[in-house]
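These figures come from a predicted structure and were not determined experimentally.
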Amino acid sequence: MKFYIKNIIPKPQKALKRLSAVMCAVFFALNAACGEPEPPAEREPALSAETIRTAGADFTHEYVLDNVQKKMYDTLAESMKSPSEEILIYEYKGDHMDFLLKDALVAMTCYTMDNPLDSQLLANRDIRMEAVPKSGGRNRIYAYRREDSDGLELAMMKRADAESVSRHFISTISALDDEEKLRAIHDRLCQGQYDTDITPASHTIYSALIDKSAVCDGYAYAFKYLCDLAGIDCVVVIGTFDKSNDGELGHAWDLVWLGGTWKLADISCDVYEAPSYEHFLIDDLTIDGRIPYKAYPVPMYKEYQ
């Protein structure tokens, strides 16, 4: 990982600059942080359909994260063992840089895509940086619960309810084969409707499973969670698609592993025409121009379709 020495030392003499660079390297080895991580020149490329098809059942989103984002992902996963009103994502030494906040959004989104039940706890949160008092310039990035959101206790209750309902449903279809299970999961979610109000709660599995009104990622998270419980490999994909030639729109859907290959399942699109199977178990992973985002950034709420 590279660091901006010039940002730390304002135009010193050449010898002092070299000495400072050595001291910084030693400090980094001892403290695992010094200065500011340099943004990668180029993010991981969007995953191609062929890459996804040949990835096998070990495909997870954390593989497309760079080192900084991966560290954020791991810290977030550890923090979620005891979630609080402010969830730690990253700690570093140096001046605040905007790209670190964007990296935190990517890490939080990817974590939610891999752990959709926690969407209830991570919904309605803002990413913020704050200095750690008496720490020698160390800063932390947190996911803070917004003032107008559900309290943590209520979010925990909704998370528990979503888990209970999901496990009960999966127990009723345990005797089916994988394709039959997938159709049952599809039909269960397609009892809902698309939430045209698009509130922050619309992006959670609680809204998809219990309120039966969600947007694309809410349905995508719910589908993955139910597949996880059923023992069927499934991943959430966030990217763009071109629906009815309206231009590229932010969207979320799923890929499910069936019969030795990935197949596309887009519950939110089928919700419009329930019980439609037009976007279910499709071999064409790029249908309607679907392209995964690079490193899966978070689209604005208004871009969800």
Could you report the tightest heavy-atom contact between L76 and I87, atom names first, then the distance? CD1-CG2, 3.5 Å
Partners passing salt bridge (Lys or Arg N to Asp or Glu O under 4.0 Å) against E180 (at least two apart in sequence or in another chain): none
Taking only residues two or more places apart in sequence or in another chain, which ones pass ring-ring contact (aromatic ring centres under 6.0 Å, His included) with Y144? Y142
Note: F280 and A265 closest approach over all heavy atoms is CD1-CB, 4.0 Å
R183/D187 salt bridge by N-O under 4.0 Å criterion: no
Excluding sequence neighbours, so at least two apart, what forms side chain to side chain contact (heavy atoms under 4.5 Å, CB included) with S166? L209, Y225, L226, L229
Partner residues of Y111 under the ring-ring contact (aromatic ring centres under 6.0 Å, His included) criterion, sequence neighbours left out: Y73
Return the OG to CG distance between S79 and D74, rounded to the nearest 0.5 Å. 10.5 Å
Sequence neighbours excluded, the answer for salt bridge (Lys or Arg N to Asp or Glu O under 4.0 Å) partners of K181 is none
In the structure I gave you, are the side-chain heavy atoms of L122 and M80 within less than 4.5 Å of one another anywhere? yes
Indicate if I127 and L88 have the same hydrophobic cluster label, given that clusters are the connected sets of ILVMFWY residues with side-chain heavy-atom separations under 4.5 angstrom. no
D126: what forms a side chain to side chain donor-acceptor pair (under 3.5 Å) with it, not counting sequence neighbours? R146
Should I232 and W257 count as side-chain neighbours, where that means a heavy-atom distance under 4.5 Å? no
For the residue pair V235 and D254, establish whether any side-chain heavy-atom pair is separated by less than 4.5 Å. no
Heavy-atom closest contact (L182 atom, L281 atom, distance): CD1-CD2, 4.0 Å
Ignoring hydrogens and geometry beyond distance, is a side-chain donor-acceptor pair present between D284 and T286 at under 3.5 Å? yes
Looking only at heavy atoms, what is the nearest atom pair of A252 and I238, with distance? CB-CG1, 4.0 Å
From H251 atom NE2 to C269 atom SG, the distance as rounded to the nearest 0.5 Å: 4.0 Å
Parallel, tilted or perpendicular: ring planes of Y277 versus H186, cut at 30 and 60 degrees: parallel
Do I291 and F241 make a side-chain contact, defined as non-hydrogen atoms from C-beta onward lying under 4.5 Å apart? no
Determine, step by step, whether T75 and E91 satisfy the side-chain contact (heavy atoms from CB on, under 4.5 Å) criterion, reporting the C-alpha distance in whole Å, the side-chain angles of both residues, the deciding distance to 0.1 Å, and the verdict. CA-CA 9 Å; T75 304; E91 182 173 312; over 6 Å; no
Shortest non-hydrogen separation from A220 to V236 and the atoms involved: O-CG2, 3.7 Å
I need the I267 CD1 to F223 CZ distance, nearest 0.5 Å. 5.0 Å
How many angstroms lie between atom CG of L189 and atom CZ of F169, to the nearest 0.5 angstrom? 7.5 Å
S119: partners by side chain to side chain contact (heavy atoms under 4.5 Å, CB included), with sequence neighbours left out: T112, T204, I205, Y221
Return the set of residues passing salt bridge (Lys or Arg N to Asp or Glu O under 4.0 Å) with R128 (not counting sequence neighbours), or none when no residue passes. none
Would you compute the distance between atom CG of D114 and atom NZ of K224 and round it to the nearest 0.5 angstrom? 6.0 Å
Could you tell me the separation between the CG atom of L100 and the CE atom of M72, rounded to the nearest 0.5 Å? 5.0 Å
If you take all heavy atoms of C234 and C227, which pair is closest and at what distance? CB-CB, 3.7 Å
Residue list, side chain to side chain contact (heavy atoms under 4.5 Å, CB included) with S174, at least two apart or on another chain: none
Side chain D103, main chain Q69, donor-acceptor under 3.5 Å: no
For E78, give me all partners under side chain to side chain donor-acceptor pair (under 3.5 Å), at least two apart in sequence or on another chain. K81
Listed by chain and number, what are the salt bridge (Lys or Arg N to Asp or Glu O under 4.0 Å) partners of R290, not counting sequence neighbours? D266, D288
Could you list the residues that satisfy side chain to side chain contact (heavy atoms under 4.5 Å, CB included) with K212, not counting sequence neighbours? R188, Q191
Give the cluster check for L176 versus I170: same hydrophobic cluster or not, with ILVMFWY residues linked at side-chain heavy-atom distances below 4.5 Å. yes
